[in-house]
Amino acid sequence: MTGRRALDGHKFEQRVQAVPAAVGLLRDLTEFHLSMWGLAALAPDLVLIVSELATNAVNAAPDRLIDMRVSVNGQEVRIELEDPVRDPPRLRDAEPDELGGRGLGIVDLLADEWGAQQEPDGKVVWVRYLIR
């Protein structure tokens, strides 16, 4: 596992193996960096977004490497989760008795914008969250 933070303190990247424990690690790292950057008030929404995106990446690419990037640029936080599976994420309506299937719906409610782009070796799911 490697981590890197830009000199300005407003960007970090983390590569992890796609195992369930990675979701908690990525949540904790996001909360830590937001606090360091003076953005702790945004943590509830952004940590939940990270949790949902990371869970999807772990489920899509078990035991493979995934990358997360979080950056702040002006009045915007950008989160990116990259995994080695090209299939795009799908927003869907989960049945009331289903245990999963609501993650992207949560992301859709909290984010100002989100999407996915295919890469040669997989995909990147990204989120824009405006600082208000």
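Every heavy atom of this structure was used, including side-chain atoms; hydrogens, water molecules and symmetry mates were not. Computed from a predicted model, the values in this text were never measured in an experiment.
Residues Pro88 and Lys123 approach most closely at CA-CD, 4.2 Å, considering heavy atoms. In this structure, Leu34 and Ala43 approach most closely via the heavy-atom pair CD1-CA, 3.8 Å. Taking both residues in full, the closest heavy atoms of Ala57 and Ala18 are given as O-CB, 4.3 Å, listed atom of the first, atom of the second, then distance. Ala40 approaches Pro44 most closely through the heavy-atom pair O-CD, 3.9 Å.
By the salt bridge (charged side-chain N to carboxylate O under 4.0 Å, His left out) test, Arg90 is found to be paired with no residue, residues two or more places apart in sequence or in another chain being considered. When the side-chain hydrogen bond (donor to acceptor under 3.5 Å, both in side chains) test is applied to Asp87, no partner is found at least two apart in sequence or on another chain.
Note on Ile131 and Val47: separate hydrophobic clusters, where clusters join Ile, Leu, Val, Met, Phe, Trp and Tyr whose side-chain heavy atoms are under 4.5 Å apart, directly or indirectly. Residues Val107 and Val85 do not share a hydrophobic cluster, clusters being chains of Ile/Leu/Val/Met/Phe/Trp/Tyr side chains in contact below 4.5 Å. Residues Met68 and Val19 do not share a hydrophobic cluster, clusters being chains of Ile/Leu/Val/Met/Phe/Trp/Tyr side chains in contact below 4.5 Å. Both Met36 and Val50 belong to a single network of hydrophobic side chains, linked directly or stepwise wherever heavy atoms of I, L, V, M, F, W or Y lie under 4.5 Å apart. Cluster annotation: Leu46 is not connected to Leu109 through the hydrophobic network of ILVMFWY side chains, with a link wherever side-chain heavy atoms come within less than 4.5 Å.
Between the side chain of Asp108 and the main chain of Leu104, no donor-acceptor pair closer than 3.5 Å is present. Formation of a donor-acceptor pair under 3.5 Å by the Gln118 side chain with backbone atoms of Arg86 is found in this model. Looking at Arg78, its side chain never comes within 3.5 Å of a backbone N or O of Glu76 through a donor-acceptor pair.
A 4.5 Å side-chain heavy-atom check between Glu80 and Ser71 finds every atom pair outside the cut-off. Between Leu81 and Asn56, the closest side-chain pair of non-hydrogen atoms is not below 4.5 Å. Taking the side chain as every heavy atom from C-beta outward, Leu65 and Val16 never approach each other to under 4.5 Å. Residues Glu31 and Leu29 fail the side-chain proximity criterion, which asks for heavy atoms closer than 4.5 Å. With a 4.5 Å cut-off on side-chain heavy atoms, Asp63 and Gln17 count as touching.
Here the CD1 atom belonging to Ile79 is positioned 10.5 Å from the CG atom belonging to Leu26, to the nearest 0.5 angstrom. Atoms CD and NE2, from Gln14 and His33 in turn, are 8.5 Å apart once rounded to the nearest 0.5 Å. With rounding to the nearest 0.5 Å, the separation of OG1 in Thr30 from CG in Leu25 is 9.0 Å.
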Audit row: Glu113, Trp126, side chain to side chain contact (heavy atoms under 4.5 Å, CB included) steps and yes/no: CA-CA 8 Å; Glu113 185 178 11; Trp126 55 267; 3.6 Å; yes

Would Gln75 and Leu130 count as a side chain to side chain contact (heavy atoms under 4.5 Å, CB included) here? Give the steps. CA-CA 6 Å; Gln75 293 298 302; Leu130 299 179; 5.6 Å; no

Take Val23 and Val58 through the test side chain to side chain contact (heavy atoms under 4.5 Å, CB included) and record every step on the way to the result. CA-CA 8 Å; Val23 176; Val58 165; 3.9 Å; yes

Go through Trp114 and Ile49 one step at a time and tell me if the side chain to side chain contact (heavy atoms under 4.5 Å, CB included) criterion holds. CA-CA 10 Å; Trp114 72 274; Ile49 288 170; over 6 Å; no

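With respect to Arg64 and Asp83, no salt bridge is recorded, no charged nitrogen being found less than 4.0 Å from a carboxylate O. Salt-bridge formation is not detected for the pair Arg15/Glu13: no Lys NZ or Arg NE/NH1/NH2 atom is positioned less than 4.0 Å from an Asp or Glu carboxylate oxygen. Arg128 has no carboxylate O lying under 4.0 Å from a charged side-chain N of Asp112, or vice versa, which leaves the two without a salt bridge. Between Arg69 and Glu82, at least one side-chain nitrogen of the basic residue sits less than 4.0 Å from a carboxylate oxygen of the acidic one, meeting the salt-bridge criterion.
A donor atom on one side chain and an acceptor atom on the other are found under 3.5 Å apart for Ser51 and Arg27.
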